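Encoded as structure tokens, the structure appears first; notes follow it.
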Amino acid sequence: MEKIVIQGRGVIPGVVEGEALVCPHSITGWGGIDPKTGVIKDYDNPNKGKSIKDTILIMPGSKGSNGWSCYFGAARAAGAAPKGWIFTGIDTSVGVASAVMGIPTIVEFPEGQDPCKLIKNGDYVRMDGSTGIVEILVGEE
Amino acid sequence: MIRLTEEEQRMLDGEEGRLKQVAIENIIRYGEVLGAEELCKVTKATVFCGNHNYLEVNDSPDFHEVFTKLNMGRDEVIPFDRTCPDCYIQSCVAACDLHEYKAFNQEKEFFDRDHYFIEEARKAGVTVVGSCSPYLTGWIPVRGEHYVTTESGMTILGNSLWGACCNSDGIEAAFWSAICGRTPKWGYHVQEERHATHLFHVEASLDSVIEWELLGKVMGTKLPGVVTTPVIVGDFKNVDFVKLKSFFTALAITSNCRMCHIVGITPEAPTLEAAFAGHEIQGEFVVTEEDIQAAYEPLCDRPEGPVNLVSLGCPHYDIHQIKQIADYLEGKKVADGVNLMIWTVYPIKAMADLNGYTRIIEEAGGHIYTSTCPATIGDVFLKDYPNQVYDSLKQSGAVRSSSLEQNIYYTDVCGCLEAALSGEWKEDLRWKK
């Protein structure tokens, strides 16, 4: 088993670990998930049908509507939030959603360390929202 | 670390109550995620009031519990009973009309809950408007003014056309800003961050509203998925506000773009050089007539047959647009079995009444509705209409991505009205240059 370590900017503290769910084209915020279950509804999302609940959710950033954050916030209220989430970059909708969720959050990775490319669905990931360090145990499904 | 003024520190210390304290705590946390160093004052806000479907995860009868948990992100109950007095705050579209619910197949219980939620927001200082187009009631931020909105189309319009300053904040942050009067000074709130990043040469001639809308989709498809600020150059003629509001809305919903310069038209792009302000061009594209037509084709279904719903007014129509509908419909009759809906905001509806446009439209068999739209109401209304016609890329796209399998037709206003009058969708109603 190979271990890869990458580091972004840790913005909301907390140490969590779990299975990665990688959405390389993000998730449509407004209506892209069922907030009661966390199941992805996006019609063209490769992870359609999978749930974000209790995962380490990995996305490049937000996508589409100004309402991007509220379905994730609703998932938090319903107990269907991820354990933590990781974004390749940073944008304002990601900022709002992270402030609402309050789960460990890491953003803005350097070139060559894009978590959307280095992490695959099912990889076991440990993240530290203070230091920004992400440990990836590749292939442990 | 965000530097706070004395006033902001007092809010954070709770001296102005728990609601403002949590609002500014959230704004600071939001700013820290972005990497902002200070906050700026917000003087205009639109907020998303009403019993919207994302709130359904909490069925508490207490609005304030639902509000705190969903919009403030806290597991306590903090009464939403005040807003920032220095901020001009309007409500966006609601989940219901304030007067009608049977017309949309909604339950009385849902209508009452929506009304209750809106009334509590009104008591807290939000003016009830119920529109995606807040400028129709005088909510117009000027150049350099900092504002927040839940409408992506309003974000890009205000940044681009008026030179006002706004980010794509979202529903919760608009409430936080409306309560504490602050937002992180980051992104488009910083003058140096408003320069163009990508250049579009528009070779296609843009004569009508639908062509400007389709330009928005073409650009949204070509731009990368990250936040970008395109600038467009071309031989633009007869540009007006309706074309631009439709263009900006289509661009916003098909991309992560929240500001777009138009050389010679928008205030921060008197020239191409001024738009880039010395920064490099990160990408360059050409838009042709073929791009515009190709962008249209997948947006309009093919089967010919009966039409059940024709909906106009996304973004909400102004009074001149309603006059044009009345002029077209005068002395004509909408076909049996067709629901012709025209969407606007209450004061514009009152003006349509005053000018006799409402009477003409109703005599023809159409109706003017306010405060919401089919996509916002959702499947409870749309499920009964197997064949729907829209004059808006945003509206037609939003209903297409719902879980229902229906024919969705998108064309220009004349095509929509002809479909309503004949009750039939025919191939020649498809838009062509």
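In what follows, every chain begins at residue 1, and chains take the letters A, B, ... in the order their sequences are listed. This one's a predicted model, so the numbers in the text were calculated from it and none came from an experiment.
- You'll find the side chain of A:Trp68 stays beyond 4.5 Å of the side chain of B:Asn256, heavy atoms only.
- Listed options B:Asn26, B:Ile253, B:Thr150 were ranked by heavy-atom pairs under 4.5 angstrom with chain A; first place goes to B:Thr150.
- When only modelled atom types and interatomic distance are considered, B:Ser168 and A:Asn66 share a side-chain donor-acceptor pair under 3.5 Å.
- With a 4.5 Å cut-off on non-hydrogen atoms, B:Glu151 touches chain A through its backbone but not through its side chain.
- More than 12 heavy atoms of other residues, nucleotides or ligands sit less than 6.0 Å from atom CD of A:Glu135.
- Between B:Tyr188 and A:Thr92 the shortest side-chain heavy-atom distance does not fall below 4.5 Å.
- Against chain A, the residues from residues 28-36 of chain B that qualify, each with a non-hydrogen atom under 4.5 angstrom away, are B:Arg29, B:Tyr30, B:Glu32, B:Val33, B:Leu34, B:Gly35 in number order.
- Surrounding NZ of A:Lys63 are more than 12 heavy atoms belonging to other residues, nucleotides or ligands, all under 6.0 Å away.
- Residue with the most contacts toward chain A among B:Val227, B:Asp75, B:Thr254: B:Asp75 (heavy-atom pairs, distance under 4.5 Å).
- Closest approach of A:Ser69 and B:Gly170 over heavy atoms only: OG-CA, 4.2 Å.
- Ranked by heavy-atom pairs under 4.5 Å with chain A, the first of B:Glu172, B:Glu56, B:Glu25, B:Lys69 is B:Glu172.
- Only the backbone of B:Arg74 comes within contact range of chain A, judged by heavy atoms closer than 4.5 Å.
- Looking at B:Asn53 and A:Tyr71, their side chains come closer than 4.5 Å, going by heavy atoms from C-beta outward.
- With chain B as the partner, the residue from A:Gly10, A:Ala75, A:Cys70 showing the most heavy-atom pairs under 4.5 Å is A:Cys70.
- If you tally non-hydrogen atom pairs under 4.5 Å between each of A:Gly73, A:Ala77, A:Ala97, A:Ala78 and chain B, the highest count goes to A:Ala77.
- Between chain A and the options B:Ile27, B:Asn71, B:Leu70, the largest number of non-hydrogen pairs under 4.5 Å is found for B:Leu70.
- Across all their heavy atoms, B:Trp176 and A:Ala99 have their closest contact at CH2-CB, 3.8 Å.
- Put simply, the side chain of B:Val57 does not reach to within 4.5 Å of the side chain of A:Arg76, judged on heavy atoms.
- Looking at A:Val96, both its backbone and its side chain come within 4.5 Å of chain B, counting heavy atoms on both sides.
- Residue-level contacts of residues 50-62 of chain A with chain B, in order of numbering, are A:Ser62; threshold 4.5 Å between heavy atoms.
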